[in-house]
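Written below as structure tokens is the structure these notes are about.
The structure presented is a predicted model; accordingly, all values stated were derived computationally and were not measured.
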Amino acid sequence: MLLGASASIGTATASQKAPQTAKPNIVFIMCDDMGYGDLGCYGQPYISTPCIDSMARNGMRFTQAYAGSPVSAPSRASLMTGQHSGHCEVRGNKEYWRDVPMVKYGENEDYSVVGQHPYDSAHVILPEIFKDLGYTTGMFGKWAGGYEGSHSVPEKRGIDEYFGYICQFQAHLYYPNFLNRYSRSLGDTATVRVVMDENINYPMFGPDYRKRSQYSADIIHREAMKWLSAQDSTQPFFGILTYTLPHAELYQPDDSIVDHYKDKFTDDKTWGGDQGSRYNANTHTHAQFAAMITRLDSYVGDILQLLREKGLDKNTLVVFTSDNGPHEEGGADPTFFGRDGKLRGLKRQIHEGGIRVPFIALWPGVIEAGSETDMPVAFYDVMPTLAELAGVNDVAGRYGNQNAETDYFDGISFAPTLEGKDQKNKHDFLYWEFDETDQIGVRRGDWKLIVKNGQPHLYDLATDIHEDNDIASEHPDIVSELTEIIFREHTPNPHFSVTLPEKAE
């Protein structure tokens, strides 16, 4: 059976764990479109990830952790709100840059408003909770929780310091015309655009794009490290680092990391580009993709080293994960890397490959080194888990909207699992829906129901982890039971819709 108690390995014992008297610091690192099998500690044979692998050796590795959705914005929304995608306001990549006036950066035209559908302003999100608990908060990377000027931007949602891409579509360019910033310390009153002056001297597409020198991933990482460097033990801190690597486009500095993989993948591919998606043409696609993950790994190493140097590592929980499964955009080749961990499906699909993600937690002295758990968890469990570690056991009771008839909180805290205690409270089922590909998913035990365009498909993950054998016709009773969950959990949303299956008589 796939569901079960956590299986621990390693040498640390509960009696050796250091008592925690102060509120823990939290650094939550989420990368973009990394598949379950993209890391060495999850079986990746081609790509070097020593720093993240070290996290797994010294912390806890989750083998059945799930994103909130098979695509970026709704998955991040599930994380931020503690809601599954049948309840959350954001359930897809609804864009707000379409059909707006254009503005000029050098000779390059860009959109005057950028961003995605905003979070519900009446529902609390993670950084707001931690601000209320006395934390200083920073976020660096992709926001994707509202468009510029909306009611859901960093300065209005509990963030003290922000630097990155408000808009996930803008993040398709690694050498962009601008990035976004909100900094209380610098006196910002709203999120602003920081123009990349060196980039805008050259076009966004074509051979001269390579002359752009301001690489967003490095810039965002430097800002994150600057913020972390300013932290100390006088005030707890909560950092959300949403790096855009290894999302396409497959472009980065030509350095030793890239050269290493060019030498390794001598029989490589080229890709012609897609200006509509803001993906430039590239060569050495395998080398570029692998280098992006190793570059990200080095960022994680920087963070862990800084925490150790500052003496903050013993009271800091560090989590690493991905927002959804692997992509095949911009020339990426998931088949070559086998990086879905032998799971079926990619980004935008509710098959296991689209939603099961790497998830590693490190907290020296609290989390047992080398431990592992196969307990299923989902992104909407992160809110109650982190809140409990910070001292709040009832998120809904403390932060629920009392003026709303219903304010959903779907997560269950897995703090006991992290602390090596008995996890008494577990999910009866996990739930997903995604409008772009018209899919709904329910997992209960080892049963997995996927509804595509209203048609149910049933799989037994205990014997069919690749979801090859649809056994819906053999188990109409199970299909009926899981369908009832769909009708109970799905709430209508005017911006996003899915086709519900036929309800059993």
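Between Arg184 and Asp160, at least one side-chain nitrogen of the basic residue sits less than 4.0 Å from a carboxylate oxygen of the acidic one, meeting the salt-bridge criterion. For Asp323 and Arg76, the salt-bridge test passes: some basic side-chain N is under 4.0 Å from an acidic carboxylate O. Using a cutoff of 4.0 Å between basic side-chain nitrogens and carboxylate oxygens, Lys226 and Glu223 are scored as salt-bridged.
Geometric assessment of Arg278 against the ring of Phe169 yields a negative cation-pi assignment under the 6.0 Å and 45° thresholds.
Residue-environment remark: CD (Glu309) exceeds the threshold of 12 foreign heavy atoms within 6.0 Å. Counted within 6.0 Å of CZ on Arg210, heavy atoms from surrounding residues, nucleotides or ligands total more than 12; the atom is thus considered enclosed.
Taken to the nearest 0.5 Å, the NE2 atom of His284 stands 10.0 Å off from the CG atom of Asp263. In this structure, CD on Gln64 lies 9.5 Å from CG on Leu430, to the nearest 0.5 angstrom.
The closest side-chain donor-acceptor pair between Thr136 and Gln235, if any, does not fall under 3.5 angstrom. A side-chain N or O of Gln288 and one of Gln252 form a donor-acceptor pair less than 3.5 Å apart. Looking only at atom types and distance, the side chain of Glu249 has a donor-acceptor partner in the side chain of Tyr209 under 3.5 Å away.
Partner Asn177 forms a side-chain hydrogen bond (donor to acceptor under 3.5 Å, both in side chains) with one of Arg193, Arg212, Gln170, Gln214 and no other, that one being Arg212.
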